[in-house]
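Here's the structure we're looking at; comments come further down.
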Amino acid sequence: MDMTEKLAKERRARLAAERLLEQKSRELFAANQKLALHARLLSDEIVMQRSVVREAQSQAEALKGQNARFVTALEQAHTQAVMAERRLWDSIDTIRDGFAVFDSGLQMVAANRAYLGAFQGLKVGPGISYAGVLQLAAEHRLVRLEAESAEAWVARMLARLEGEVIAPVVVQMASGNYLRLVDRRARDGDVVSLAIDITEQMRIWAAIEAIPDGFVLFDREDRLLTFNQRYRDIHPESADILRPGVTFDEILRHGLARGKYAEAVGREAEWMAERMAQHRAPSSIHEQKLANGRWLRVLEQGTPDGGRVGLRVDITDWKEQQAALEAARAQAEAANRAKSAFLANMSHEIRTPMNGVVGMAELLCDTALSEEQRLFAETIRSSGEALLVIINDILDYSKIEAERLVLHPEPFDLERVIHEVAMLLQPRARAKGIDLIIDYDMFLPTRFIGDPGRIRQVLTNLMGNAVKFTEQGHVLVRVVGPEGSAGMQSLHVTVEDTGIGISAANLEHIFGEFNQVEDQQNRKFEGTGLGLAITRRLIEKMDGTVWVDSTLGKGACFGFRLTLPVSEAAPAARLPITLRRALVVDDQFINRTILERQLTPHGIAVTLCRSGAEALATLAQEEGFDVVVTDHEMPEMDGVMLARQIRAAGHQMPVVMLSSNPFVAQAAGGDAGLAAILQKPILRSELYRHLQELSVPLPAAAPPAGQRQMRVLAAEDNRTNQLVFAKMVKDLDIDLRFANNGREAVELYQDWRPDLIFMDISMPEMDGRAAARAIRGLEAGQGHVPIVALTAHAMEGDAAAILAAGLDLYLTKPLRRSVLLEVMTTHWPKETRPLAPAG
Ligand code: ADP
């Protein structure tokens with residue numbers, strides 16, 4: 001052996017060893033690894049085991065915690081539930097209404113304090129039966145049973161509970177309070193019982209029941225909600241339909257079908273529509289007549305919630321009273337008319353003998369009397385006249401009061417009416433020395449449509465008062481027309497005087513009934529105090545106004561304003577006035593101005609003088625005056641004297657004299673060469689007429705003074721009045737004949753042709769109106785005889801009817817001599833002998 005082999009051998013051994021080692025080590029390693037794996041598995045197992053245990057442990061812990069929380073929550077929930085229930089009961093306890101719960105066996109489960117409170121001192125509480133509660137209430141008289149026995153009541157109250165739906169019932173407690181018991185079945189069979197205090201409602205309801213009228217309430221759908229017994233009583237026919245829920249429409253139709261509404265019969269549909277309209281109006285009141293003869297006042301009104309509340313008041317008694325009153329009123333009115341007619345007749349009857357009294361007294365005054373006798377006669381006359389004024393006023397006033405005063409509009413001449421009134425007042429004014437002046441606006445129409453009789457009455461009152469309350473100065477009637485349009489004219493009429501005046505305090509007062517100024521100064525004037533009240537009423541009836549201005553001691557100015565339709569002026573065939581220059585003589589400024597204003601528009605140049613002396617001086621200086629117009633009554637030199645002086649001075653122009661007493665003037669100045677004596681105040685148209693006559697050159701020789709007497713016919717049935725009339729004119733140079741009635745008057749007119757006729761209105765056979773109409777018919781076209789009516793006080797319509805019958809003027813009885821003379825002078829025909837007897 002070599003070394004190499006050895007070495008190789010060795011090497012092979014080593015390698016083998018190494019291989020073995022390597023294998024062994026590999027085996028070891030594998031074993032080791034296995035072991036390690038085992039070990040790891042084991043440890044894993046252990047770990048796992050451990051974690052499972054831990055898990056279990058923590059789960060147990062958690063469960064334990066959960067458990068504990070659950071228990072707490074449960075505890076809390078329980079407490080809350082308990083609290084909620086307590087709260088609920090606490091609240092239920094606070095309500096005023098009783099509340100109780102019974103189980104399905106009707107044993108009380110719980111009840112609130114109000115419920116239990118009603119049974120104080122009694123054993124009422126959970127466990128007691130419903131029946132037991134009722135029994136206790138009945139036995140201890142906690143409820144008012146009226147006539148019902150306790151058993152019956154309990155039985156009735158229990159029977160209620162049997163029904164499907166338990167109807168509410170109202171019981172009255174011993175205290176008087178009312179409870180409404182409302183029982184409800186709950187799902188589980190429990191019964192909930194409520195006792196609601198409805199005392200307030202019951203009170204209101206009792207009140208509604210107590211009112212004597214029917215009460216009814218409908219909801220917004222117009223369904224009947226409620227009504228009281230009275231409503232049912234009023235509508236017995238509807239009793240079977242009246243129940244809550246029925247509509248108003250149904251109730252009406254039901255009634256209509258039974259002919260219940262008297263006014264609906266025959267016009268049902270229309271009536272229904274009207275009735276529904278009333279029902280729907282926000283508020284309505286109407287009267288309804290039922291077929292049973294009763295009357296209802298139906299009041300309806302919307303309620304805030306859209307419903308309607310109604311009252312039905314039985315006004316049958318009231319209606320009957322009303323009818324009775326109406327009948328009484330008609331009766332009273334008839335009586336009033338009778339009274340009025342009686343007053344009118346009486347006034348006529350009184351007036352006729354008064355005519356004798358006043359007339360004879362006046363005549364007596366004209367005879368030779370001792371001072372004492374004259375005083376007596378004057379007193380009789382003035383007392384008689386005063387009495388007549390009173391009768392007139394009372395008559396008129398009673399007529400206005402009875403509302404029987406009717407206006408009779410017709411065409412009339414306002415200026416003429418004013419003049420006529422002035423003429424009648426003239427004697428009184430003259431006696432006092434007062435100037436009565438009329439200033440009628442030149443440019444104003446004179447014809448209007450109105451009631452001349454009533455306007456005359458107003459003027460008579462205002463102008464009469466003015467004359468009565470004035471001792472010196474003037475009374476001026478002024479008419480102006482501030483505006484006019486389309487046939488209408490507004491008129492201001494003022495009556496101004498310079499008399500005693502009225503204090504401011506009395507100004508309103510005097511227009512009242514029977515009101516007079518009460519003072520020392522006023523007491524001497526007679527009168528009823530009705531005049532101005534009548535005036536005011538008359539003017540107001542004509543849609544006008546009356547007023548007064550006055551200063552105590554200075555005078556008064558009464559005025560009225562009217563708007564009247566202008567009447568077509570009668571076309572006046574006007575002759576031209578050819579006079580160019582006039583001398584006007586008057587001591588009164590107002591008169592001078594008025595005359596100037598009246599003459600100037602006719603192209604006459606006017607020169608004004610204050611006195612006769614001034615006029616004579618003017619005439620001496622200036623030439624060319626065509627006419628002198630002079631006043632009669634002037635101080636120092638009167639008109640007659642002036643006329644004589646004018647003639648004495650050799651002037652030739654005509655002299656026209658205006659006099660408030662033409663008769664006297666004629667007597668005094670018949671020989672003074674006057675061209676005309678005219679009644680003052682002069683009617684414009686009269687003045688023009690005379691001036692026209694003067695315009696025509698006078699025939700060289702004046703016609704011989706009339707050869708015959710003026711023929712005057714007086715128609716008067718009453719012997720005394722005939723006598724009075726005859727005596728009044730006995731001094732005159734006239735031919736007087738009497739007719740005893742209208743027929744005779746017409747005959748005399750035909751056979752005898754009188755120049756002037758005085759005509760009494762009420763006469764037997766044929767009255768004055770008819771006679772005048774007949775005369776107007778006869779004279780047709782050939783001359784116009786003036787007819788003057790003599791009337792008792794102008795009754796309603798008289799003035800109008802009188803003038804319509806063709807009479808020219810009317811005088812109210814009793815006749816006054818002065819007025820008669822004036823009328824005759826005015827209508828004196830030139831061809832007859834002067835009225836005043838010669839010598
Ligand atoms: P009567 O004249 O009948 O007393 P009236 O009603 O006409 O009644 O007048 C009432 C009152 O008014 C008169 O009494 C008088 O006091 C006063 N009165 C009327 N008009 C005038 C007047 N023009 N001047 C002064 N007072 C007058």
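Start at 1 and go down the list; that is how both ligands and their atoms are numbered.
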Can a salt bridge be assigned to the pair Arg592 and Glu596 using a cut-off of 4.0 Å between side-chain N and carboxylate O? no
Would one find an N or O of Ala556, backbone or side chain, under 3.5 Å from an N or O of ligand 1? no
Ligand 1-proximal atoms of Phe558, by part, heavy-atom distance under 4.0 Å: side chain
Is there any N or O on Ile502 that sits under 3.5 Å from an N or O of ligand 1? no
Parallel under 30°, tilted from 30 to 60°, perpendicular over 60°: which one fits the rings of Phe448 and Phe412? tilted
If a pair satisfies salt bridge (charged side-chain N to carboxylate O under 4.0 Å, His left out) and one of its residues is in residues 542-561, list it, with sequence neighbours excluded. none
Tell me whether Arg428 is salt-bridged to Glu385, with the criterion being a basic N under 4.0 Å from an acidic carboxylate O. no
Mode of Val495 contact toward ligand 1 - side chain, backbone, both, neither (heavy atoms, under 4.0 Å): neither
Any carboxylate oxygen within less than 4.0 angstrom of a Lys/Arg side-chain nitrogen, looking at Arg537 and Glu540? no
Proximity winner for atom 5 (P) of ligand 1, if only heavy atoms of Leu532, Asn506, Thr470 are counted: Leu532
Please list, in number order, the atoms of ligand 1 under 4.0 Å from a heavy atom of Gly531. 5 (P), 6 (O), 7 (O), 8 (O)
Work out whether the distance between some heavy atom of Gly501 and some atom of ligand 1 is less than 4.0 Å. yes
What atoms of ligand 1 come closer than 4.0 angstrom to any heavy atom of Lys468? 1 (P), 2 (O), 3 (O)
Indicate whether any N or O donor in one side chain lies under 3.5 Å from an N or O acceptor in the other, for Asp767 and Ser762. no
Ligand-side contact atoms (ligand 1) for residue partner Asn461, heavy atom cut-off under 4.0 Å: 7 (O)
Could you walk me through whether Ser659 and Glu633 pass the side-chain contact (heavy atoms from CB on, under 4.5 Å) test, one step at a time? CA-CA 7 Å; Ser659 171; Glu633 301 89 346; 3.7 Å; yes
